[in-house]
Amino acid sequence: MDEIKKITKQLRAGQISRREFIVAAVAAGAAVPFAMSMSSNVFAAMPKSGGLLRHAITGGSTSDNLDPAKVLDMYMANVSFGQLRNNLTEIDSDGSLIGELAESWESTGDAKTWTFKLRNGVEFHNGKTLDANDVVASINHHRGEDSTSAAKSIVAAVVDVQADGKETVVVELSGGSADFPFLLSDFHLSICPARDDGTIDWESGTGTGGYILEEFNPGVKVVTRRNPNYWKEGRAHFESVETLYIADVVARTNALQTGDLDAMTRADLKTIHLMEKHPAINIVQSTGNQHYTLPMLTDVAPFDNNELRLALKYAIDREQWKTVIARGYGEIANDHPIGPANRYYDASIEQRVYDPDKAKFHLKQAGYDSIDLDLHVAETAFEGATDGGQLMQDSARAAGININVVREANDGYWSNVWQKKPWCASYWAGRPTEDWMFSLTYATGADWNESHWSNEKFDSLLLAARAELDEEKRRGMYSDMQQIVRDEGGSVIPIYASFVQALSNKLSTPEKVASNLEFDGHKNSERWWFSS
Amino acid sequence: MGFVTLVVVSIIIFGVVEFLPGDFSQAILGQSATEETVAAFRKELGLDKPAHTRYFDWIGAMLQGDLGISYSGRGASGSDLSRPVIDLIAPRFWNTIFLAGVAALIAVPLALILGIFAALFRNSIFDRTVNVFSLSAISFPEFFISYLLILLFASIWPIFPSLANVSDDMSLGERLVVTALPIVTLVLITLAHMMRMTRAAIINLMASPYIEMAQLKGVSPTKIIVQHALPNAWAPIVTVIAFNLAYLVVGVVVVEIVFIYPGVGQLMVDAVTTRDIPVVQACALVFASAYILLNLIADIISIVTNPRILHPK
């Protein structure tokens, strides 16, 4: 069968003809009809060029601009990162890291100094050839005291960026970071052309990406057309792309059903069962690291008591959350933020399940017979947060925990409730690396440490694992950290929520759709195509 | 009078906007707002000044025709591409006016004709049908009518698109096709009010002695209504028309959201969610001015067309 796999690959790449494929397949032991239908399948799955892709994304605004440092939500991520520009590195469909504008990279033994070798002969939309200065300027764009870049924390560890000739960039870090190339795949760190003074030209939208900017109408739509000189082989198939900002999920759904759209993000889970039946619509889901959390402030009583936190972790019915809140589009989680799409996800850690007796036991250990708690929720935390609170209210009652679900306004939720009220609802899109996720939300004193949690052993493991280049040792450390967060952390993490998108059946995707972000890691304009 | 109202409105707008929870710096940074970045942003935007200073700064600039600079478009590391509010609003305002204008061009004559005929054939089948139809249309909220139209004319019989996706290079014909459903929605929700008022005003006058005189002279019913009744009925009708025109401009917010039409209403909703205060304030002021102006015009027309008010004893 390996032989057949190999020739299938060759056929797909156009290295052998259909006739040669069938001959070779039969020689490898396949029956003739089987070989013929296989070759047809391969041809049906081969990307076709052309067409206008019209897709709708949420998270846009009239205040959007093309500055990669100001990409605050998914709409501009799709435009800036997914269409106009490239990064040094890219997360592939299967979650592994591949080079994008960087051809290769290596580090010193302490993972402190990283050398990136750039791809040769890549051109910007304006004809300028990419060189090391562009990369240096693009990274420096996010650095500095006064930077208001959303990626400031990502490049905080960078001490110095230097061009070494035209094709090599050397990055000096303040501490070892084995995952640094992963960080460079972040959607803020796109490469723009440098000006002579060392700043970048982001205003024109010029990049090295698969599509060239035609019309930029913030909060309404962006139109791009295919870059005829795109350096990637077999990517960017559409003739042009129209990216619409449609915040209202009902309007998105309508437009898709009436054929005014070809694809939409964030399908409405309330009506998903009807969409599934629609003959012209396919639902595409990818389960990544996006997870819902119920963070408790661990420096506020009674949540400073780990026994109480454990009681709550046992008092939630995860299976019920998965079927009711996520409508089946998700997986149950285990009270730590590392998801199945992460490299060092430890599936061997025992899955915590709903157990009112254990919840009661831990409540007793915490010194309570029964307790009244307020849980603050809003739909902006995640869709279904209010319903989820009520489900937990029911399931926790059996353990003597009385939860009062307080519904908060969406407006100002992130500034007035989150990290302010002792117990609330929140979510994380997840991060491609363990170090990133943990440093962002679980390290002592981190800005977004939403439960104000602090654990010495965890912190020292985090530092050690960051600079560790030995795969097996790292795996062990991250596994320990998942265990610690699961058993002592400040958040109830009930489920991973899939990215759920709805596509017209004319649109084809590769077999594996990336799960690091929605819409195939927001590379949909590059990776998808019209089959008819 | 209109000017005083506008000043009061401007104070209310400013006050209400002040009460919105959170501010631009928090809204734009969202979950990623830290104290430092928020403080840096506030300082840059002048949000650290007291409220009354900001009000007078704003109203002073407004009087000179300067709507201010939008908060949006501020880049990191010093680069700043923020756009003047006028540049954001102008194309959107033209879109809203287009939608409201076409709807008015259809709705006003239609309402007048239907109203006149309804008065002419009072209590006939025609009168009843028109009444039932227009009253049911006005009883539904506009989003319901919008969705109903989408269901019928975009989904079941796909004649018109459900997305009012306009662009600058469209011809008038294409534009009308794309915006057909929102226009019909607006016509339906404003028709009944104007039609009923026309009908009521004319019927009211038909009982007057001078109409009776005309009837006795043998003037045809159509002529009586058009030549004798209508001129005297203009005042109430014009008031209602102005009210509905103002509603067309101001009340399109919901319709614009449903059909994703890039008008001022949608701009305002987006600006509220991102706390882009200069844009919110300017939109509110534009709406208020349109409302006040149209009412002013209605008053003037009703005075001009009514000899009794025009020549007081």
Side-chain angles (χ1 to χ4, degrees), chain A residues 54 56 60-70 72-73 140-144 146-153 199-200 202-203 215 217-221 223 242 244-248 250-252 254-255 257-261 409-416 418 426-428 447-448 450, chain B residues 20-38 40-41 44 70-79 81-83 88 91-92 143 147 150-151 153-155 158 160-163 165-168 257-260 262 266-267 269-276 279:
Chain A
R54 300 158 303 166
S61 157
T62 44
S63 55
D64 284 335
N65 65 32
L66 291 163
D67 185 348
K70 281 281 168 288
L72 298 166
D73 215 327
N140 281 336
H141 182 63
H142 306 271
R143 296 175 60 213
D146 313 324
S147 164
T148 50
S149 169
K152 190 177 179 180
S153 63
T199 60
I200 54 166
W202 55 262
E203 292 88 342
E215 183 190 338
N217 194 348
V220 182
K221 68 171 158 185
V223 183
E242 198 172 285
L244 295 168
Y245 165 54
I246 305 183
D248 184 22
V250 180
R252 283 204 304 279
N254 268 332
Q257 286 185 341
T258 55
D260 286 344
L261 277 182
N410 280 345
D411 272 337
Y413 181 81
W414 298 112
S415 36
N416 303 330
W418 183 66
S426 169
Y427 86 103
W428 289 97
D447 280 339
W448 295 340
E450 54 182 2
Chain B
L20 282 174
D23 67 10
F24 175 73
S25 41
Q26 285 171 337
I28 195 165
L29 296 167
Q31 205 181 5
S32 50
T34 63
E35 246 162 67
E36 291 165 50
T37 43
V38 167
F41 247 93
E44 196 183 318
S70 160
Y71 287 171
S72 61
R74 275 155 218 274
S77 63
S79 47
L81 254 206
S82 45
R83 300 154 76 187
L88 282 177
R92 300 293 194 104
F143 69 84
Y147 286 136
I150 289 181
L151 175 68
F153 299 110
S155 196
F160 297 113
S162 68
L163 271 192
N165 182 6
V166 291
S167 52
D168 292 337
I257 298 282
V258 171
F259 291 101
I260 317 296
Q266 213 201 19
L267 176 70
V269 171
D270 287 348
V272 169
T273 45
T274 56
R275 302 287 181 276
D276 195 346
V279 177

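The sequence lines fix the lettering, A, B, ..., with proteins before strands; numbering per chain opens at 1.
With hydrogens and angles ignored, the 3.5 Å screen pairs no side-chain donor or acceptor of A:Asp260 with any backbone N or O of B:Pro161. Side chain of A:Thr258 to backbone of A:Ala255: a donor-acceptor contact under 3.5 angstrom is found.
The aromatic rings of A:Trp448 and A:Trp428 are tilted relative to each other, their planes meeting at an angle between 30° and 60°.
In terms of heavy-atom pairs under 4.5 Å with chain B, the best-connected choice from A:Glu242, A:Glu215, A:Arg54, A:Lys221 is A:Lys221. Comparing B:Leu151, B:Ile150, B:Asn165 by how many heavy-atom pairs each has under 4.5 Å with chain A, the most go to B:Asn165. The candidate from B:Ala154, B:Ala271, B:Pro262 with the greatest count of non-hydrogen atom pairs under 4.5 Å with chain A is B:Ala154.
Of all non-hydrogen atoms in A:Ala247 and A:Tyr245, the two that sit nearest each other are CB-OH, 3.4 Å. Closest heavy-atom contact between A:Ala56 and A:Arg252: CB-CD, 4.0 Å. The nearest pair of heavy atoms linking A:Ile246 to B:Leu163 is CD1-CD2, 3.8 Å.
Looking at A:Leu244, only its side chain comes within 4.5 Å of chain B, counting heavy atoms on both sides. For B:Tyr147, the part lying near chain A is the side chain, with the backbone staying farther off; criterion is any non-hydrogen pair under 4.5 Å. Only the side chain of B:Ile260 comes within contact range of chain A, with heavy atoms under 4.5 Å apart. Both the backbone and the side chain of A:Pro218 come within less than 4.5 Å of a heavy atom in chain B. Using a 4.5 Å cut-off between heavy atoms, A:Asn254 touches chain B through backbone and side chain atoms alike. Heavy atoms closer than 4.5 Å to chain A are found nowhere in B:Pro158, neither backbone nor side chain.
Exactly one residue among A:Lys70, A:His142, A:His141 makes a side-chain hydrogen bond (donor to acceptor under 3.5 Å, both in side chains) with A:Ser149. That residue is A:His142.
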